[in-house]
Amino acid sequence: MALLPILQYPDERLHTVAKPVAQVDDRIRQLVKDMAETMYDAPGVGLAASQVDVHERVVVIDVSEEGNDLLVLINPEITWYSEESQVYEEGCLSVEGVYDKVERASEVKVKALDENGKPFEFHADGLLAVCVQHELDHLDGKVFVEHLSLLKQNRILTRIRKQQREAKKAAAAEKVTV
């Protein structure tokens, strides 16, 4: 298994719409293992393949307290959204250090394939419902900050770009010329 690099917002590749997985094979199972290891190491509760620059419809989620209940979703689809909504403070492994409240459906029904290509369906509420919607947004090329007001989006972008500039300056200062 391997830790995969996670794309950071505002990387344009995060806006790529993922293609369906044509066949669940050993390559996809390895991707799932690597994504799970990356998610647990980060640490996070969900990771979409789009975030690791693989633009196929694969998601791993684990909202358990112990981090031992991995849910693998291949070609996931939300088949039903509740009319009721809930507001959760979300964060994202691709938008480090940013947390904000996002309103989403309280409950969803999902159909997907597991890591063996077997179809299954489930009902999700609470944190799992939020996580499923968040990760499927990634597969559709959308990052959670895009649910926020334009003012908040611009503030986040300004802060991220400032951090990137400072990191580049620090890295340049550490270089020693001979």
Side-chain angles (χ1 to χ4, degrees), residues 2-21 31-32 34-63 67 71 73-78 81-82 84-108 110 124-175:
L3 292 178
L4 304 171
I6 298 172
L7 297 178
Q8 294 299 305
Y9 182 77
D11 192 310
E12 281 302 312
R13 292 172 290 179
L14 289 168
H15 296 294
T16 304
V17 176
K19 293 177 172 55
V21 171
L31 174 63
V32 165
D34 292 345
M35 286 174 59
E37 183 179 355
T38 302
M39 176 189 72
Y40 288 128
D41 184 71
V45 296
L47 186 67
S50 301
Q51 293 176 269
V52 294
D53 204 19
V54 176
H55 302 285
E56 293 183 82
R57 298 189 75 79
V58 179
V59 166
V60 294
I61 294 173
D62 188 343
V63 296
L71 176 62
L73 306 175
I74 299 170
N75 295 338
E77 280 181 59
I78 296 176
Y81 293 87
S82 66
E84 301 80 34
S85 62
Q86 62 186 342
V87 176
Y88 259 83
E89 186 165 86
E90 295 186 27
C92 181
L93 296 177
S94 290
V95 194
E96 288 183 308
V98 175
Y99 299 89
D100 213 319
K101 292 181 168 107
V102 176
E103 185 174 355
R104 297 188 185 269
S106 298
E107 301 174 62
V108 293
V110 181
D125 60 7
L127 179 57
L128 180 57
V130 170
C131 195
V132 166
Q133 292 171 82
H134 177 112
E135 299 309 331
L136 268 64
D137 272 358
H138 278 300
L139 297 181
D140 292 332
K142 189 170 185 177
V143 180
F144 94 98
V145 296
E146 293 165 19
H147 286 279
L148 306 176
S149 71
L150 283 176
L151 177 63
K152 284 186 177 184
Q153 289 180 50
N154 287 331
R155 284 181 180 164
I156 291 165
L157 270 174
T158 300
R159 182 172 53 186
I160 288 171
R161 288 188 174 130
K162 181 180 178 188
Q163 290 169 343
Q164 289 171 340
R165 281 193 307 274
E166 289 171 358
K168 281 183 184 177
K169 283 182 187 176
E174 287 181 16
K175 289 184 181 178

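Residue numbers count from 1 along this sequence.
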Quick check against the 3.5 Å criterion: does [X] have a side-chain atom that pairs as donor or acceptor with the backbone of [Y]?
| X | Y | answer |
| --- | --- | --- |
| Glu174 | Ala171 | no |
| Ser85 | Glu103 | no |
| Gln86 | Gly126 | yes |
| Ser94 | Tyr9 | no |
| Gln8 | Leu93 | yes |
| Asp137 | Lys142 | no |
| Asp125 | Glu107 | no |
| Gln133 | Ala105 | yes |

Nearest heavy atoms of [X] and [Y], plus distance in Å:
| X | Y | result |
| --- | --- | --- |
| Glu90 | Val102 | OE2-CB, 3.4 Å |
| Val59 | Met35 | CA-CE, 4.2 Å |
| Arg159 | Gly97 | NH2-O, 4.4 Å |
| Pro10 | Gln164 | CD-NE2, 4.0 Å |
| Ala129 | Ala124 | CB-O, 3.6 Å |
| Cys131 | Ile61 | SG-CG2, 3.7 Å |

Requested in this report: Quick one: do Ile156 and Leu148 satisfy side chain to side chain contact (heavy atoms under 4.5 Å, CB included)? Show the steps, please.
Outcome: CA-CA 10 Å; Ile156 291 165; Leu148 306 176; 3.7 Å; yes
Give, for atom [atom1] of [X] and atom [atom2] of [Y], the distance between the pair rounded to the nearest 0.5 Å.
| X | Y | atom1 | atom2 | value |
| --- | --- | --- | --- | --- |
| Glu37 | Leu3 | CD | CG | 4.5 Å |
| Ser50 | Ile6 | OG | CD1 | 12.5 Å |
| Thr38 | Leu47 | OG1 | CG | 6.5 Å |
| Phe144 | His134 | CZ | NE2 | 7.0 Å |
| Leu139 | Thr16 | CG | OG1 | 11.5 Å |
| Glu56 | Lys19 | CD | NZ | 9.0 Å |

Query - Close side-chain approach of Lys152 to Asn154, heavy-atom, < 4.5 Å - result: no
Report task. Go through the steps for Val63 and Leu71 under the test side chain to side chain contact (heavy atoms under 4.5 Å, CB included), then give the verdict. Result -> CA-CA 9 Å; Val63 296; Leu71 176 62; over 6 Å; no
Requested in this report: Take Val145 and Asp100 through the side chain to side chain contact (heavy atoms under 4.5 Å, CB included) test and state the conclusion after the steps.
Outcome: CA-CA 8 Å; Val145 296; Asp100 213 319; over 6 Å; no
Query raised in the report: His147 and Arg104: side chain to side chain contact (heavy atoms under 4.5 Å, CB included), yes or no, with the steps?
Result: CA-CA 10 Å; His147 286 279; Arg104 297 188 185 269; 3.5 Å; yes
**Report entry** Under-4.0 Å salt bridge between Asp11 and Arg13
**Finding:** yes
**Report entry** Within 6.0 Å of CD in Glu96, more than 12 heavy atoms from elsewhere
**Finding:** no
Query - Residues Asp140 and His138: side-chain donor-acceptor under 3.5 angstrom - result: no
